[in-house]
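This report refers to the structure that appears directly beneath it.
Everything quoted here is computed from the prediction, not taken from an experiment. Hydrogens, waters and symmetry mates play no part in the numbers below; they use all other heavy atoms, side chains included. So that the names make sense, note that chain A is the first sequence line, chain B the second, and so on, each numbered from 1.
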Protein chains: 2
Amino acid sequence: MRLKSALFASASLAFMLPGTARADEGMWTFDAFPAARMKAAYGWAPDQAWLDKTRAAAVRLTGGCSASFVSDTGLILTNHHCVATCVEENSTADNNILVKGFTARSMTEEKKCAGQQAEVVTSIRDVTPTVKAAIGSATGADAVRARNAATAKLESDSCTDKATTRCQVVSLYGGGQYKLYTYRKYSDVRLAWAPEAQAAQFGGDPDNFNFPRYSMDASFLRAYENGKPVATPAFLKWNPRAPQDGEATFVVGNPGSTSRLFTGDQLAFQRELALPIIVTTTSELRGRMIAAMAQSPERKREAAETLSGLENSLKVFIGRQKALNDPAFTGKLAAAEASLKQVSAGKPGIGIPWGDIARSVEANRAIYVERLYALPSGDLFNYALALVRVAAERGKPNGERLPGYTDSALPLLEKNLTDERPVTPWLDQLQMEFSLSKAREYLGADHPQSKLLLGRESPEALAARLVTGTKLADPAARKALLDGGAAAIAASTDPMIVYARSLDPNARALQKRYDAEVDAPLTAARARLADARFAVYGDSNYPDATFTLRISYGKVQGWNERGTPVPTRTVMGGTFDRATGAEPFDLPPAFAANQARINKNVTYDFVTTNDIIGGNSGSPVIDRAGTVIGAAFDGNIHSLGGNYGYDGTLNRTVVVSTAAVQEALEKIYPAPNLVAELRGRRR
Amino acid sequence: MRLKSALFASASLAFMLPGTARADEGMWTFDAFPAARMKAAYGWAPDQAWLDKTRAAAVRLTGGCSASFVSDTGLILTNHHCVATCVEENSTADNNILVKGFTARSMTEEKKCAGQQAEVVTSIRDVTPTVKAAIGSATGADAVRARNAATAKLESDSCTDKATTRCQVVSLYGGGQYKLYTYRKYSDVRLAWAPEAQAAQFGGDPDNFNFPRYSMDASFLRAYENGKPVATPAFLKWNPRAPQDGEATFVVGNPGSTSRLFTGDQLAFQRELALPIIVTTTSELRGRMIAAMAQSPERKREAAETLSGLENSLKVFIGRQKALNDPAFTGKLAAAEASLKQVSAGKPGIGIPWGDIARSVEANRAIYVERLYALPSGDLFNYALALVRVAAERGKPNGERLPGYTDSALPLLEKNLTDERPVTPWLDQLQMEFSLSKAREYLGADHPQSKLLLGRESPEALAARLVTGTKLADPAARKALLDGGAAAIAASTDPMIVYARSLDPNARALQKRYDAEVDAPLTAARARLADARFAVYGDSNYPDATFTLRISYGKVQGWNERGTPVPTRTVMGGTFDRATGAEPFDLPPAFAANQARINKNVTYDFVTTNDIIGGNSGSPVIDRAGTVIGAAFDGNIHSLGGNYGYDGTLNRTVVVSTAAVQEALEKIYPAPNLVAELRGRRR
């Protein structure tokens with residue numbers, strides 16, 4: 001469960017306030033861990049030292065995942081699927097390390113991961129008064145502008161060292177709180193170890209979000225600086241032991257987004273409008289990719305990870321649609337909302353946020369399809385648009401720029417624009433022509449925006465012309481345009497730049513309209529709703545996920561699937577029973593080759609009650625002693641409804657155990673250096 | 001709007017009772033035309049002679065369309081999209097008549113359409129007492145068995161001349177009435193004229209179900225018998241004139257199915273379960289086909305019509321999903337249901353059908369996914385399954401056979417099994433591997449049915465093995481197995497036959513469970529609901545569509561699209577303005593070549609308020625004088641919700657005018673013989 005890719009960002013534009021947490025529910029911020037509640041349930045809870053130590057070892061990966069330091073030399077544990085794009089990009093037809101797996105025999109062999117950055121939170125500061133004061137009594141687009149300007153200034157002022165720090169102001173509780181997160185960042189991240197993709201993805205899409213599971217979804221990265229591994233004295237102790245049924249577990253990571261307390265109107269928007277479009281179009285794209293990849297082994301290799309990410313996202317969206325189409329599920333959410341409304345009625349100072357939210361949702365309905373299809377998909381187009389916008393925005397005062405182009409945001413964007421990474425032209429073209437054809441389908445051929453996007457060309461011909469004609473696959477070309485600024489962009493005849501220039505004004509106008517008609521009133525109403533929730537539920541309240549650091553507590557436990565108990569764990573020997581010989585259930589060759597050596601009884605994957613969501617992938621699973629016993633890599637199928645609500649009887653986190661990873665490091669993909677490093681004995 | 005293909009038959013398993021008709025709503029049976037009501041609204045209504053004459057000229061095409069005789073020599077007017085598969089199958093790489101169009105210079109050049117049969121209703125008899133008496137007090141699977149046996153006997157006894165007649169018992173009002181339809185059938189149908197596909201499909205999928213429209217969606221077929229054109233003294237007079245705004249129009253054809261009075265529980269089943277799965281999976285198949293077809297012009301030609309049909313179905317399903325996700329739309333349906341419930345409360349003899357329907361829907365939820373994925377898709381598999389079942393069923397008494405394998409149904413099935421028509425192996429393989437992969441996805445890899453379907457093979461490998469290994473593409477091989485009967489089937493080692501044999505028992509068991517738990521209680525409850533409706537609404541009631549002959553009255557009229565009036569008609573000159581040069585808006589070459597000669601002011605397509613649905617494609621649009629002024633080929637986008645309810649302010653039928661067809665026959669695709677024949681002057 002990666003954080004979903006930018007392709008789908010518009011599917012979930014706003015996040016709401018969770019209700020009062022029960023059982024093991026909750027993605028808690030580190031400054032509000034519910035120690036008393038956990039102690040009541042578990043007889044024990046971590047103290048501040050435990051929390052501080054853990055937090056210091058927790059890593060966010062800008063690719064959309066979580067991770068942790070597991071040695072004092074920058075070694076990072078995460079999931080294979082979080083680094084698979086890096087593995088794919090470092091593969092060639094002759095040396096396909098995605099298929100074969102990869103072990104760096106020494107640090108010098110570790111391979112750079114383009115676009116990847118590791119980040120560790122160093123401080124969290126409440127800046128709510130500053131931001132709210134800046135907004136003041138402004139409304140509409142003015143309110144959004146004021147908020148963005150205040151945010152940009154806070155970030156810029158607080159992170160003067162742009163080489164090693166990153167500052168982000170995060171809106172929690174949908175606008176109820178603003179917090180400034182400061183990160184120590186490591187922008188040189190390299191691949192140290194990866195198993196065969198078939199071992200990580202055994203069971204493929206059919207098994208994704210299912211359990212029992214037999215997946216080695218683990219990899220190791222390493223953070224570098226100035227060409228050398230970084231020193232990371234704060235790390236989690238590696239503990240390759242089997243989990244105990246019922247023992248307490250903590251998941252520390254960065255859940256991407258949840259919508260736990262969307263109001264009924266917001267849920268209806270998702271169920272009636274957004275999800276049907278996203279599920280339908282993503283399915284078609286999936287079909288196009290599968291058939292296009294079937295044409296050659298080369299294509300299959302080049303697009304495997306993109307398809308896998310797409311199928312993961314699709315399963316997420318289908319799971320959400322199913323949850324919102326389940327009256328029993330939505331009934332509970334509606335009852336909770338009704339109860340809050342009733343208790344809040346007449347409370348001073350709260351007002352009636354629900355009506356304002358409903359009106360902003362109505363405004364969003366009117367603009368949704370246009371925003372969704374304002375711009376085509378594809379890496380090359382995204383490069384072009386970012387270059388066009390960087391050139392325009394850099395010339396403005398920091399506080400007046402588009403979010404994502406402020407001083408604090410530019411370094412990562414510039415890294416992404418200039419990092420060398422392969423572009424797959426046929427795939428880019430496929431994505432682009434697909435998105436253009438959907439724009440025409442959903443807007444209608446006669447809509448002005450369809451005409452703006454297509455002119456008199458077909459989606460196929462336009463995408464072919466732009467992808468064939470552009471030079472933006474070359475990082476040097478991108479760097480020249482980035483460095484050349486507005487003059488270079490204005491003078492460029494690169495067809496993709498010309499195209500991005502032609503679409504940008506309309507996309508900006510739509511964003512402005514969205515800010516004024518949706519974002520501003522929604523944020524204001526959500527802040528009032530947050531007040532209402534705090535008034536009623538106090539601190540049994542936690543903010544919706546925002547891809548910032550959270551901690552969840554829970555325990556090792558199976559569940560009951562329509563009358564049948566699902567076991568807590570699998571063992572490695574199960575892989576051999578489940579393998580059919582047919583993709584995606586074919587045995588990874590290294591498993592087959594080492595079958596006799598592998599201890600069949602080692603715990604492979606296991607489930608816990610921890611409350612996680614996409615973005616938590618790679619999160620360390622930590623025991624009471626603060627040692628790491630696994631890496632969370634998935635949720636079960638019920639966890640997909642977890643976007644809207646957590647059900648402790650059904651929602652489960654799926655974890656690959658450190659015991660299994662250790663077995664792999666010793667017997668399947670031998671990495672003696674790593675084994676020694678994890679033991680704390682450098683060789 | 002073709003009747004949707006068999007692929008989707010399971011998406012709409014049961015049809016409900018329409019409410020009381022208002023405005024121009026209604027798909028009326030010929031024995032219950034609401035003359036008084038029409039007269040009140042229009043000041044005129046057809047008399048019995050008019051109705052009889054019209055009915056005698058109306059044609060049903062077994063491919064899933066409607067049509068009419070327009071000469072005394074068996075000439076049939078229908079839509080191009082209704083014959084496109086025939087045109088495609090008669091095309092070769094060297095002579096692609098789908099692209100170029102086709103004009104038979106004389107009757108000897110007319111081309112056979114495999115699998116197509118033309119049928120004219122000759123009598124309709126009420127057999128309700130016979131069928132209901134046969135069911136008696138039976139319930140569950142026994143009730144279904146008794147009903148099927150009675151139906152088989154009625155059909156067999158009434159159509160002893162199997163060469164020229166066909167009998168079908170149709171359940172109207174979901175089991176409230178049973179009527180025996182007798183048809184004169186013509187099983188040799190040939191293509192006489194077709195325009196370029198690009199003229200028929202101008203605007204392609206983007207324009208489908210939209211208006212204004214510029215489509216020459218018309219073709220001519222001819223019915224043959226004993227190698228000669230049949231005499232058809234009852235035909236509609238061809239009238240190549242422009243329609244008048246507001247004039248009364250009749251559409252006479254075979255609407256395929258509607259669900260106008262599904263109860264709230266049945267609508268919820270569609271909205272929450274069935275439609276999301278169908279839309280999602282159809283979208284993926286669409287994507288797979290688009291990408292697979294992009295590989296070569298040959299593939300594009302071979303699959304063009306399959307894709308076009310699929311996209312048409314998908315748009316229908318998306319439209320239904322949208323309608324059911326529109327609270328304003330469903331609110332009206334709910335209000336109508338509440339009102340009927342209230343009025344019916346306590347009426348003697350009606351009971352409470354709603355609860356029984358809700359329970360049968362619950363039972364259907366439990367079995368739906370298994371039934372949907374009991375069998376894979378693909379022509380070759382369908383041949384195999386039909387052969388396996390014919391062999392098994394022919395040995396049983398007529399009354400004990402599966403529906404579709406009775407004496408009255410076998411002749412058409414045997415024709416379809418033995419007609420020579422090309423199979424496209426790559427497309428068959430694509431469909432098969434797709435459906436198998438979806439079976440595994442929706443059932444889960446560990447479901448027994450997944451294991452039955454796949455064994456230890458992957459969907460891809462299994463489909464490749466079966467499609468490559470089978471001989472069933474050869475009509476002679478099919479005929480040998482058909483003639484060889486049970487012994488030949490049992491002895492066959494054809495891998496597709498072996499596979500079909502292995503899946504048949506499970507599919508039959510599921511059907512039996514469905515009969516017992518869903519069909520029987522639902523039919524009984526629907527019959528009671530029909531009684532309730534008749535008690536309250538009398539004969540302002542019409543049965544849901546059943547792909548049997550209906551007549552709709554309405555008028556030539558545009559509509560108002562979110563404040564903008566949509567005109568009633570387009571003119572042929574508009575094609576040249578709308579053409580962009582880029583597919584699917586590229587000008588048909590013959591239009592370009594004859595631009596100077598074409599009268600730009602001829603009415604091209606127009607809209608009427610007639611109430612139609614898929615299956616009505618090709619229906620003659622008839623004026624008060626009983627002459628044909630167009631062929632219905634589509635509905636507007638609002639008509640997609642027409643499956644559940646008709647809204648006279650928005651729902652429109654889209655028609656290609658006879659004036660435009662005449663212009664094409666004279667100036668674009670010259671067919672002087674046809675022009676003379678349509679004028680009644682044979683040359």
Side-chain angles (χ1 to χ4, degrees), chain A residues 203-207 210 212 268 271-273 275-277 279-295 314-315 317-318 321-322 324-327 430 433-434 437 440-441 444-446 450 454-462 578-586 637, chain B residues 203-207 210 212 268 271-273 275-277 279-295 314-315 317-318 321-322 324-327 430 433-434 437 440-441 444-446 450 454-462 578-586 637:
Chain A
D205 182 68
D207 271 6
N210 286 319
R271 181 180 57 243
E272 294 163 7
L273 181 60
L275 283 170
I277 294 178
V279 168
T280 303
T281 55
T282 306
S283 292
E284 185 186 332
L285 180 56
R286 176 195 197 183
R288 289 189 185 215
M289 287 191 61
I290 287 172
M293 289 164 67
Q295 287 177 44
L314 178 59
K315 220 167 197 176
F317 293 127
I318 288 175
Q321 189 176 38
K322 212 168 162 183
L324 293 187
N325 274 323
D326 175 1
L430 184 154
E433 77 181 32
F434 168 74
S437 77
R440 182 176 64 190
E441 178 171 329
D446 296 318
S450 297
L454 291 172
R456 293 174 72 87
E457 290 180 283
S458 69
E460 296 76 20
L462 176 58
R578 190 166 178 76
T580 62
E583 196 183 358
F585 295 98
D586 44 331
I637 200 77
Chain B
D205 181 68
D207 271 5
N210 286 317
R271 181 180 57 242
E272 294 164 6
L273 182 59
L275 283 169
I277 294 178
V279 167
T280 303
T281 55
T282 307
S283 291
E284 184 185 331
L285 180 56
R286 176 195 197 184
R288 289 189 185 215
M289 287 190 61
I290 287 172
M293 289 163 67
Q295 287 177 44
L314 178 60
K315 219 166 197 177
F317 293 127
I318 288 175
Q321 188 175 38
K322 212 168 162 182
L324 293 187
N325 273 322
D326 176 0
L430 185 154
E433 75 181 34
F434 168 74
S437 77
R440 183 177 62 189
E441 179 170 328
D446 296 319
S450 297
L454 291 172
R456 294 174 72 87
E457 289 179 283
S458 69
E460 297 75 21
L462 176 59
R578 190 165 179 74
T580 62
E583 196 183 358
F585 295 98
D586 44 331
I637 200 77

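- When all heavy atoms are compared, the tightest approach of S283(B) to S283(A) is CB-CB, 3.9 Å.
- Of the atoms belonging to I637(B), not a single heavy atom falls under 4.5 Å from chain A.
- Taking a 6.0 Å sphere around NZ of K322(B), one finds it holds 12 or fewer heavy atoms contributed by other residues, nucleotides or ligands.
- Interface remark: E441(A) contributes side-chain atoms only to the contact with chain B (heavy atom separation under 4.5 Å).
- The part of A579(B) that comes within reach of chain A is its backbone (N, CA, C, O), which places non-hydrogen atoms under 4.5 angstrom from that chain.
- Considering every non-hydrogen atom in both T280(B) and Q321(A), the closest pair reads OG1-OE1, 4.5 Å.
- Looking at every heavy atom in both residues, S458(A) comes nearest to E583(B) through CB-O, 3.5 Å.
- Nearest heavy-atom pair across A291(A) and A292(B) is CB-N, 3.9 Å.
- Considering every non-hydrogen atom in both P327(A) and E272(B), the closest pair reads CG-OE2, 3.6 Å.
- Highest contact tally toward chain A, considering only M289(B), R578(B), R271(B), E457(B), is held by R578(B) [criterion: heavy-atom pairs under 4.5 Å].
- Annotation: the span from N325(B) atom CG to N325(A) atom CG amounts to 7.0 Å, rounded to 0.5 Å.
- In this structure, I290(A) and R288(B) approach most closely via the heavy-atom pair CD1-NH2, 3.4 Å.
- Residue contact with chain A, scored on non-hydrogen atoms closer than 4.5 Å, is absent for F434(B).
- Taking CD of E284(B) as the reference point, atom OG1 of T282(A) lies at 11.0 Å (rounded to 0.5 Å).
- In this structure, D446(B) CG and D207(A) CG are separated by 7.0 Å, a value rounded to the nearest 0.5 Å.
- Under the 4.0 Å criterion applied to side-chain N and carboxylate O atoms, R440(B) and D205(A) are not assigned as salt-bridge partners.
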